[in-house]
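Whatever order the structure lists them in is the order used to number ligands and atoms, beginning at 1.
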Amino acid sequence: MDMRALVTGATAGLGAELARQLAADGFSLVLVARDEQRLREAAAALPVETEVLAADLTVADDLERVAARVADPARPVDVLVNNAGTGILADFHVSGVDEERRLLDLLVWAPMRLVHAALPGMLDRGRGGILTVASMAGRMPNGTYSAAKSHAITFSRSIAARYRADGIRATALLPGFLKTEFHERLGIDRSGTPDIIWASVEATAREGLRGLRKGRSVVVSDWRYRLTAPLVPLIPDGAMGGWSMARLDRRDAEGELEPTNDANAR
Ligand SMILES: NC(=O)c1ccc[n+]([C@@H]2O[C@H](COP(=O)([O-])OP(=O)(O)OC[C@H]3O[C@@H](n4cnc5c(N)ncnc54)[C@H](OP(=O)(O)O)[C@@H]3O)[C@@H](O)[C@H]2O)c1
């Protein structure tokens with residue numbers, strides 16, 4: 001049967017790997033990201049029928065175009081992958097208001113809007129899969145990124161619980177640290193971090209897709225984060241507050257933090 005998946009943030013990092021693995025499983029693809037040239041290159045490298053949709057998911061009209069594609073009954077999307085994401089480096093008292101708004105739009109509103117667009121068709125067809133990339137950070141009190149990822153986990157679990165009996169599978173994927181463009185885009189220097197904290201992008205994607213196939217509502221990936229996940233609730237909140245992305249970046253730098261770090265601005 002011809003199956004199609006739409007992947008947001010499909011030009012880099014985890015999204016590109018998820019797209020590759022879905023293509024290897026025989027899915028046709030719709031790739032979404034802002035950079036059209038990169039989208040075309042990503043599509044050309046995939047051995048399946050691939051559409052590209054250049055869209056900034058923090059821009060209302062762009063998001064509505066993607067939602068319309070997701071809802072199109074003539075070309076059904078069987079699997080929706082909400083993956084596009086970024087973070088904010090600055091602490092909350094110095095971050096930009098627009099930057100915070102865009103983070104919320106990208107990590108919270110865009111996945112909600114796309115799931116809202118996907119569900120009616122999936123329910124008509126009696127099947128569908130929704131993979132939402134959250135983060136281990138969603139289980140920690142660690143800034144607005146954590147808060148947004150916490151929303152992603154609870155939202156995805158709620159969809160799984162409500163629509164499981166209707167043939168819809170929804171999985172929240174919780175990766176740990178991944179060597180993608182994520183930290184680079186925020187200007188975070190990864191050198192000097194211990195190798196052990198970096199999980200495999202390939203394994204994380206594989207485990208997420210396997211979890212979706214099996215109908216698991218939450219997948220913690222990979223092995224090192226599964227091992228340490230039970231300890232996370234035991235860590236005092238105060239210890240977490242001292243370990244924000246901004247402080248990770250401050251490891252060697254003595255200088256003042258820039259007031260904003262707008263990874264979304266183009
Ligand atoms: N890397 C980690 O350590 C880590 C850990 C846990 C969870 N995660 C999560 O994993 C997901 C993937 O991140 P990654 O590490 O693979 O990051 P990445 O390598 O920076 O890739 C981000 C992707 O999202 C797209 N994107 C960014 N902003 C967008 C926007 N406004 N509209 C549309 N597309 C946008 C980017 O393409 P364009 O720039 O062309 O738009 C790119 O394709 C994110 O949800 C992230 O929060 C990452």
Which option wins on minimum heavy-atom distance to atom 10 (O) of ligand 1: Val133, Asn82, Leu173?
Val133
Does some side-chain heavy atom of Leu63 sit less than 4.5 Å from a side-chain heavy atom of Val59?
no
I'd like to know whether ligand 1 has Arg38 as a neighbour, heavy-atom separation below 4.0 Å.
no
With a 4.0 Å cut-off on heavy atoms, does Ala199 reach ligand 1?
no
Cation-pi between Arg224 and Trp198: NZ/CZ under 6.0 Å from ring centre and within 45° of the ring axis?
no
So Val218 and Arg139, do their side chains get closer than 4.5 Å, heavy atoms only?
yes
Look at ligand 1 and say whether Lys179 reaches it with a heavy atom at a distance under 4.0 Å.
no
Using 0.5 Å steps for rounding, measure from the CG atom of Leu107 to the CE atom of Met112.
13.0 Å
Measure from atom 14 (P) of ligand 1 to every heavy atom in Ile188, Thr180, Val32 and give the option owning the shortest one.
Thr180
Could you check Val115, Leu119, Ile130 and say which one makes a side chain to side chain contact (heavy atoms under 4.5 Å, CB included) with Tyr163?
Leu119
Is the contact between Leu106 and ligand 1 made by the side chain, the backbone, both, or neither, using heavy atoms and a 4.0 Å cut-off?
side chain
For ligand 1, does Ala110 get within less than 4.0 Å through its side chain, its backbone, both, or neither, judged by non-hydrogen atoms?
neither
Taken in chain and number order and not counting sequence neighbours, the residues that satisfy side-chain hydrogen bond (donor to acceptor under 3.5 Å, both in side chains) with Thr154 are none
Within-shell test, His183 vs ligand 1, heavy atom, strictly < 4.0 Å:
yes
Hey, are Ser221 and Glu207 close enough side-chain-wise for a donor-acceptor pair under 3.5 Å?
yes
Distance under 4.0 Å to a non-hydrogen atom of Leu14: what atoms of ligand 1 satisfy this?
16 (O)
If the condition is salt bridge (charged side-chain N to carboxylate O under 4.0 Å, His left out), which residues does Asp124 pass it with, not counting sequence neighbours?
none
Would you mind checking if Asp98 and Arg102 are paired as a salt bridge, meaning a charged N to carboxylate O distance below 4.0 Å?
no
What atoms in ligand 1 come closer than 4.0 Å to a heavy atom of Ala55?
32 (N), 33 (C)
Under 4.0 Å from one or more heavy atoms of Gly13, ligand 1 contributes atoms 16 (O), 19 (O)
Between Thr58 and ligand 1, is there a nitrogen or oxygen pair with a distance under 3.5 Å?
no
Distance in Å, Ser200 OG paired with Glu17 CD, rounded so as to fall on 0.5 Å steps:
7.5 Å
A student checking ligand 1 against Asp56 at a 4.0 Å heavy-atom cut-off should list atoms 30 (C), 31 (N), 32 (N)
As an exercise, identify every atom of ligand 1 less than 4.0 angstrom from a heavy atom of Ala84.
24 (O), 34 (N), 35 (C), 45 (O)
Under the salt bridge (charged side-chain N to carboxylate O under 4.0 Å, His left out) criterion, do Arg20 and Glu202 qualify, and how do the steps go?
CA-CA 10 Å; Arg20 271 191 290 275; Glu202 191 270 335; over 6 Å; no
Nearest non-hydrogen contact with atom 42 (C) of ligand 1 belongs to which option: Arg34, Gln37, Arg185, Arg102?
Arg185
The atoms of ligand 1 lying under 4.0 Å from a heavy atom of Gly85, numbered in the order shown, are 22 (C), 24 (O), 44 (C), 45 (O)
Just let me know how Ala134 lines up against ligand 1, side chain, backbone, both or neither, with a heavy-atom cut-off below 4.0 Å.
backbone
With only distance considered, is Phe177 within less than 3.5 Å of ligand 1 through an N or O on each side?
no
I'd like to check Arg206 versus Gln21 (side-chain heavy atoms, cut-off strictly below 4.5 Å). Are they in contact?
yes
Per-atom filter on ligand 1: closer than 4.0 angstrom to a heavy atom of Asp35 are 40 (O)
Measure from atom 5 (C) of ligand 1 to every heavy atom in Pro175, Gly176, Ser135, Gly208 and give the option owning the shortest one.
Gly176
When you look at CZ of Arg101, are more than 12 heavy atoms from neighbouring residues, nucleotides or ligands closer to it than 6.0 Å?
no
Between Lys149 (side chain) and Val133 (backbone), is there a donor-acceptor pair under 3.5 Å?
yes
Which atoms of ligand 1 have any heavy atom of Ala10 under 4.0 Å away?
43 (O)
Under a 4.0 Å heavy-atom limit, does Ala137 contact ligand 1 with its side chain, its backbone, both, or neither?
neither
Consider ligand 1: state whether an atom of it lies below 4.0 angstrom from any non-hydrogen atom of Asn83.
yes
